[in-house]
Amino acid sequence: MDHRKINKVLIANRGEIAVRIIRSCREMGIRTVAVFSDADRTAMHVRYAGEAWHIGASPSSESYLNIDKIIEAAKKSRADAIHPGYGFLSENAAFSRRCREEGIIFIGPSPEAIEGMGDKITARRTMIAAGVPVVPGTTEKVTDETEATRVIMEIGLPVMIKASAGGGGKGMRLVKEESKIVSSLRGAQSEAKTAFGDDSVYIEKYIESPHHIEFQILADRYGNTVHLFERECSVQRRHQKVVEETPSPSMVPDVRARMGEYAVAAAKAAKYEGAGTIEFIMDDDLNFYFLEMNTRLQVEHPITERVVGVDLVKEQIRIAEGNPLPFSQQDLRQTGHAIECRIYAEDTDNNFMPNPGTITHITEPLGLGVRCDGYVYTGYTIPIYYDPMISKLIVWAQTREEAIERMRRALYEYKITGVKTSIKFLERIMDAPDFRSGKYNTHFIENNMKFLLAETECDLYCEDLALIAAFVDYTGKLEKVKLTMDNSTVRHGSDWKQFGRRHAAYRL
Amino acid sequence: MDHRKINKVLIANRGEIAVRIIRSCREMGIRTVAVFSDADRTAMHVRYAGEAWHIGASPSSESYLNIDKIIEAAKKSRADAIHPGYGFLSENAAFSRRCREEGIIFIGPSPEAIEGMGDKITARRTMIAAGVPVVPGTTEKVTDETEATRVIMEIGLPVMIKASAGGGGKGMRLVKEESKIVSSLRGAQSEAKTAFGDDSVYIEKYIESPHHIEFQILADRYGNTVHLFERECSVQRRHQKVVEETPSPSMVPDVRARMGEYAVAAAKAAKYEGAGTIEFIMDDDLNFYFLEMNTRLQVEHPITERVVGVDLVKEQIRIAEGNPLPFSQQDLRQTGHAIECRIYAEDTDNNFMPNPGTITHITEPLGLGVRCDGYVYTGYTIPIYYDPMISKLIVWAQTREEAIERMRRALYEYKITGVKTSIKFLERIMDAPDFRSGKYNTHFIENNMKFLLAETECDLYCEDLALIAAFVDYTGKLEKVKLTMDNSTVRHGSDWKQFGRRHAAYRL
Amino acid sequence: MELELNVDGRTAVVKELKREGNMLTVAVDDDIYEVDLVKVGKGEYSVLYKGKSYNIEVIESTDPKHYTVNTFYFTYGIEIIDAETRYMRSREETGAHHGENIIRSPMPGKVVKVLVKVGDTVEAGQTVVIVSAMKMESEFKAGKAGVVAEIPVKEGDTIDGNQVMVVIEPVVSA
Amino acid sequence: MELELNVDGRTAVVKELKREGNMLTVAVDDDIYEVDLVKVGKGEYSVLYKGKSYNIEVIESTDPKHYTVNTFYFTYGIEIIDAETRYMRSREETGAHHGENIIRSPMPGKVVKVLVKVGDTVEAGQTVVIVSAMKMESEFKAGKAGVVAEIPVKEGDTIDGNQVMVVIEPVVSA
């Protein structure tokens, strides 16, 4: 359990999270190594890191998921630690184990902790043993169909059948009627087999109006574990979070205190070290149950950073070095309110189809209480191979009401052209009465889809002014072309004079 | 003393502060009106405001200082309030009075308060009456040279002779020797006459190692006055602040408490309403004296906003509407540490000569704890008529040490090409041992000039890589020219085909 | 200078009446506008009209005559209609390609599956090709029934936005 | 391809030896560099060399042959030297304008005061013109003693960066 100073970190990731990790490293005086696939030579993390090493072809399986290549890059660059970010290899026990074997510090939990929480049945059993409330259901793998029917009827319909190795909504079935039990069980098992190579499923009671509430935890190797309060993540579309906020508008102090205690107990039961998240499901009566543990940094970690005042990446690095936590539970408090919006490159008006392409122009929102964590820049081409999330917009204000107004202002300032984005859709979420009142659950988006996709009213002259601008732009181009044509008929001695004149003609 | 809701604000200013004020208005649902001079048609505040009205020629005297024009624009646009920002008309009593007469809310203090604090001799007398410590010196205008010599010898050398109507270092003389008294007095008087049309001067003891410490205050019209703690503004060059921070590294709790009480007493004595700043001078033994009051929002207000968690522009607007302060002194506290760096368009290597021009490219720093308040954009031409400050970079962190590291990281990310800026100079300040230790006073920059202007070491290959990049860029251009030349010899039927091909050739 | 422009179905005639520096007087059909219009960046215009400040982005799309124009919250597709455009249009309408069913991907991506081959008969709504972009698969279906005439892409191809993937010719009933 | 470049006094010969996509082998004088170089924006290059990541900005200054190049913390003035440059230089050196003292403003601004007139004799260090920019006045002085030959600006003029304000010819001693 010795202490080992980290001097150089390889970031086994890309996009905004790679840039965000490099920022904290830079502030700690730690050198950084980026890795990149063929498609990412011009990506921001490559430009921003101190070093950059190529690790393979564009598909993730040949680069960002290729353990051998990443370890090789770490050795070549003499990195003494690897930060996995989120996604890719961040919850891969084999990768954590390989780092340990190679003598490279893995900035994340042990392979044992990843495995223990990765298998959902094992995780449920661990939590029950630790006294953490779990959703009523089975603690054993379910295979026998008669037995399954008996158990389900005992729990009471509706129930969810879930893959033990699951994630991302795959291998999941909601059962509302007795007659559908057997077919749903078979469906879930076959999907789980295909997706994860493991057909183990388990059964949980289905919570009708669920809130997705998660607690951030930090744990050092000396047994100190704290929570950094909750995040409300119920604004979801197809199990993908879209907007997160903290504090949760549906939370009350005594429930927060109890959930926090359970979150710490859960992390301790998992023998966890580093930053992690305990996900709970909560019903309208504020009954809550452990859902699963994410053994990595979450996309939405910045709202916690803002409200609690802690740099989570720096804490991850300090824990990985073997330092004890610099604060105890009573040092931590929530100040004000933070909201995060995820900006996706997608066409929200066309079934949310992803929209990679070249950024013609980007203007990021700035000013008081606004943080923008992105990675695309003017002229950058977003590759087709990876996640469509291009940035996260985080605002803070003293109250929830002011935070919503600040988010509206920031979204208004955020201009991205060249690719379609979800910015307009997010503005509509900020305007939705259910969101503003704070009374929403995970059905919010589907219940409000009509409102969220409605067109905003334009003032009387918008369309005519658009026509005038197009007219001016086109006639301006026409004149430049004529100018160039005239010039090219008269030949001058020096090519450079010619070049200079044309060059001038093409400037804006 | 009735309450009057503000629905539309005219911002009688330009640059970053105009943009910053519009942001807060937008978050409050208040419509905004920009005004602009000839030189500012393309300025960001014009683009960002809801409305924009032209008010005159480029020199400030014909536009941003022209009271009639601004009042006319307010009436045309039906603005019910005017925010003056800082500089320009912000401390002009006649403007505040004119707004009152026209029935327009002036978002700032009364003309009487501006006048009372604007004349430094009157301000000194008011403070002495209120029991606020002032620098030992005269409370009457000094004219007689024999009397002046007597008074100065009584106070004890060295002393400062200062213009009563003063500001910006004009009409000021430091006297160290008895033989220089008469000539210095005459010099100060004649300079004061030229600069302010008033040759009144007064005498103050000169503080040897002065710290410039100021307290932010807020006062409503119901007699509630609070302070929002101190700002350390001792990093100055020629009486211009360059870097500010809060808390002050030289402050201790009991001195802070006492200064805060005096700041509140000073504001009350001035019958002040709105946001203001009480400037103190403090010596190495933490003796402090009232220096002057700034009756406006300060450039450096964001560091207070960050550490105290209050949006000062919103509070100014609420106070101007006639609302009572929403908090009392005991509700306010300082959390963490904030630093501001002012980015100037200037050539720090060439005697800090201002450097207006066209911004070729700008990349603003982002991420955790960073706020960037600017107004220039890629393609924008900074006019020659106004202040060279193009933006303010504000960082926050839990500790002063971390804030310095974050500022270094943010300055590293900040890329502006096309005009020379002070970014490199600011990076050197962050590296200076005197700054890092927190042991500095207003002599910091002159004492450290050699260190601050030294070149950073470059790695071995920098110069050769620069040559390679220039080589590649130039040969790339050559090839494009050849391509264009080849195309233009073969004439096609359609001009558009030609245009398309050339256009492509000139794209990057 | 006078031009015909098409904006989302509406055809408007825009005519410049006067221009002094930024100050522009323009007729859009029967309405006269006096605007203060200035270019502030590549394809970025600042427009002041009746005191209000508008930021308008004018982005050239497929060719110099097609624009995507963004105002406040709105996006318009605008096309310049000149003699060439009219000629091309008349050709298109009477030409051999009339009635084709051309399946394009609106975004760049990778072709993961082509479910038909040239000569196949397809029905309206039948999925013919699957494209993957950013970890999400999208199915593209035939708009009308017909016979597959061309498949200019193959599985594994990386494609651009608007690239033609499958061409289906309608079956002309005897 | 081979070019001679001047960087802050040093003359270097840069020669391209090999190029495959981004991968470039270049000789700078006697040193061989294998770099991965890619243009990521207008005048912005990302260069990977021996694993390290460099961001280099290449900005055309007065003409296509003069660059300002920014690396990490350094700014270099780089000039391309070709036949034309050499010819211009030789002309300059032997030409009639040799020995002139040309006073230019490094930044744009406004001429607030011209303190000399054509034909005046000036001494080295004498202030000849005052320019105001951004609320600050800068004095420009004669570099050498001589006679004022030309004053292409007048008080109140708005000037560009590098614009000639005063030309002083040396007095040739008999």
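Each chain gets a letter, A, B and so on, in the order its sequence line appears, and its residues count up from 1. These figures come from a predicted structure and were not determined experimentally.
Contacts of C:Asp36 with chain B are made by both backbone and side-chain atoms, with heavy-atom separations under 4.5 Å. Proximity to chain C is limited to the backbone of B:Ala49, based on heavy atoms less than 4.5 angstrom apart. If you measure heavy-atom distances from B:Tyr380 to chain C, you find no contacts under 4.5 Å at all. Heavy-atom distances place no part of B:Ser77 under 4.5 Å from chain C, backbone and side chain included.
Ion pair B:Glu102/B:Arg100 not flagged as a salt bridge, since none of the NZ, NE, NH1 or NH2 atoms sits closer than 4.0 Å to an Asp/Glu carboxylate oxygen.
Of the candidates C:Ile59, C:Asn55, C:Ile56, C:Asn70 forms a side-chain contact (heavy atoms from CB on, under 4.5 Å) with just one, namely C:Ile59.
C:Tyr76 and C:Tyr67 have their aromatic ring centers separated by at least 6.0 angstrom.
Ring geometry, C:Tyr49 versus C:Tyr33: the interplanar angle falls from 30° to 60°, so the pair is classed tilted.
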